Amino acid sequence: MLWLWWLGCAEEDLLEATPEDTASVPSEIPTDDIAGWLKTGVYLDWPAEASIHLSAGPHFGNVRTYFSPDLAASIAEGNPQHPEGSAAVKELYGNGDTIQGFAVMVRVSNGQNGRAWYWYEQFENDNFADGRGVSLCTNCHEAGVDFLFTAPE
């Protein structure tokens with residue numbers, strides 16, 4: 001599950017973020033470009049959780065999540081639905097402190113179901129999700145607000 005603990009982000013910083021600050025995350029099917037996009041590290045400039053921590057969901061142990069500026073602003077505003085193009089990138093560390101994989105979600109259309117989100121998850125060379133409305137992801141995430149779990153500090 002994508003748990004947004006949102007540690008270390010000042011609300012005023014999130015509200016100042018603009019969509020222009022967000023590089024477009026590949027989310028067209030097939031998504032041959034997402035692994036390359038992740039390697040660029042563009043998401044590292046996004047608002048993030050303060051540190052690596054144990055995942056509250058089934059994401060292989062330790063994690064750290066980054067939020068596109070438009071998603072972070074939408075969460076801060078308490079929006080019930082987040083804007084198209086907004087995204088979250090979760091680094092997956094397993095039991096250590098070296099990145100072993102990623103989980104990504106991108107809002108690709110308006111709507112109230114999991115098909116409005118593109119889901120991607122790769123860990124230790126195994127792919128677990130790559131597409132819209134992936135049931136492995138949506139079955140857990142549907143309990144969140146617009147498929148996100150938020151617990152601001």
Side-chain angles (χ1 to χ4, degrees), residues 1-7 9 14 17 19 21-49 52-96 98-152:
M1 290 182 206
L2 179 63
W3 293 93
L4 308 179
W5 294 111
W6 205 356
L7 304 174
C9 296
L14 300 177
D21 296 332
T22 305
S24 180
V25 181
S27 59
E28 296 296 319
I29 313 296
T31 53
D32 299 333
D33 295 334
I34 194 156
W37 181 87
L38 287 163
K39 286 180 185 177
T40 69
V42 170
Y43 70 91
L44 294 170
D45 291 329
W46 294 355
E49 295 173 318
I52 299 168
H53 60 88
L54 184 61
S55 176
H59 287 291
F60 307 102
N62 296 323
V63 299
R64 185 176 187 198
T65 303
Y66 294 78
F67 314 98
S68 65
D70 52 348
L71 179 58
S74 184
I75 293 167
E77 294 166 4
N79 294 331
Q81 185 171 314
H82 303 297
E84 281 186 54
S86 60
V89 174
K90 183 182 291 288
E91 295 174 332
L92 309 176
Y93 292 89
N95 294 324
T98 302
I99 297 172
Q100 302 293 314
F102 295 92
V104 178
M105 60 187 298
V106 182
R107 172 68 99 149
V108 293
S109 65
N110 286 322
Q112 307 248 336
N113 63 44
R115 290 199 50 77
W117 290 90
Y118 162 76
W119 307 90
Y120 173 85
E121 186 166 32
Q122 174 274 326
F123 184 75
E124 294 182 339
N125 300 316
D126 290 322
N127 287 325
F128 296 92
D130 187 1
R132 289 177 74 157
V134 175
S135 62
L136 177 69
C137 304
T138 61
N139 287 343
C140 290
H141 283 261
E142 68 186 351
V145 175
D146 195 23
F147 292 84
L148 293 171
F149 294 94
T150 59

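Values reported hereafter were calculated over all heavy atoms of this structure, with side chains retained and with hydrogens, waters and symmetry mates removed. Everything numeric here is computed off the predicted structure, so don't read it as measured data.
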Exercise. Applying side-chain contact (heavy atoms from CB on, under 4.5 Å), name anything that partners Q81, two or more places apart in sequence or on another chain.
Key: R107, N110, Q112, D146
Self-check item: Partners meeting side-chain hydrogen bond (donor to acceptor under 3.5 Å, both in side chains) with S109 (sequence neighbours left out)
Solution: R132
Exercise. Report the residues that fulfil side-chain contact (heavy atoms from CB on, under 4.5 Å) with Q100, sequence neighbours left out, ordered by chain and then residue number.
Key: T98, F123, E124
Exercise. Determine the sole option in F60, W119, F102 for which the ring-ring contact (aromatic ring centres under 6.0 Å, His included) test with F128 is passed.
Key: F60
Self-check item: Rounded distance [0.5 Å steps], CD in E91 versus CG in N62
Solution: 11.5 Å
Practice problem: Only counting residues at least two apart or in another chain, list the ones meeting side-chain hydrogen bond (donor to acceptor under 3.5 Å, both in side chains) with N95. | Solution: none
Self-check item: Contact summary for V63 and L92, nearest pair of heavy atoms
Solution: CG1-CD2, 3.8 Å
Quiz prompt | Shortest non-hydrogen separation from T65 to F67 and the atoms involved | solution = CG2-CE2, 3.5 Å
Practice problem: Starting at CG of L38, measure out to OH of Y43 and round the result to the nearest 0.5 Å. | Solution: 6.5 Å
Quiz item: L71 and S86: which non-hydrogen atoms are nearest, and at how many Å?
Solution: CB-CB, 3.7 Å
Quiz item: With D45, which residues qualify under side-chain hydrogen bond (donor to acceptor under 3.5 Å, both in side chains), at least two apart?
Solution: none
Quiz prompt | Distance-minimising heavy-atom pair for V89 and W46 | solution = CG2-CZ3, 3.9 Å
Self-check item: Any side-chain heavy-atom pair of I34 and Y118 under 4.5 Å
Solution: yes
Quiz item: Do W117 and V108 pass the side chain to side chain contact (heavy atoms under 4.5 Å, CB included) test, and can you show the C-alpha distance, the side-chain angles, and the key distance before you say yes or no?
Solution: CA-CA 5 Å; W117 290 90; V108 293; 5.8 Å; no
Quiz item: I75 and H82: which non-hydrogen atoms are nearest, and at how many Å?
Solution: CG1-CE1, 3.8 Å
Quiz prompt | Spatial distance of atom CD (E121) from atom SG (C137) [nearest 0.5 Å] | solution = 6.0 Å
Quiz prompt | Residues in side-chain contact (heavy atoms from CB on, under 4.5 Å) contact with N127, at least two apart in sequence or another chain | solution = Y120, Q122
Quiz prompt | S68 versus D70, closest heavy-atom pair with distance | solution = OG-OD1, 2.6 Å
Self-check item: Value rounded to 0.5 Å, distance of NZ in K90 from CZ in R64
Solution: 11.5 Å
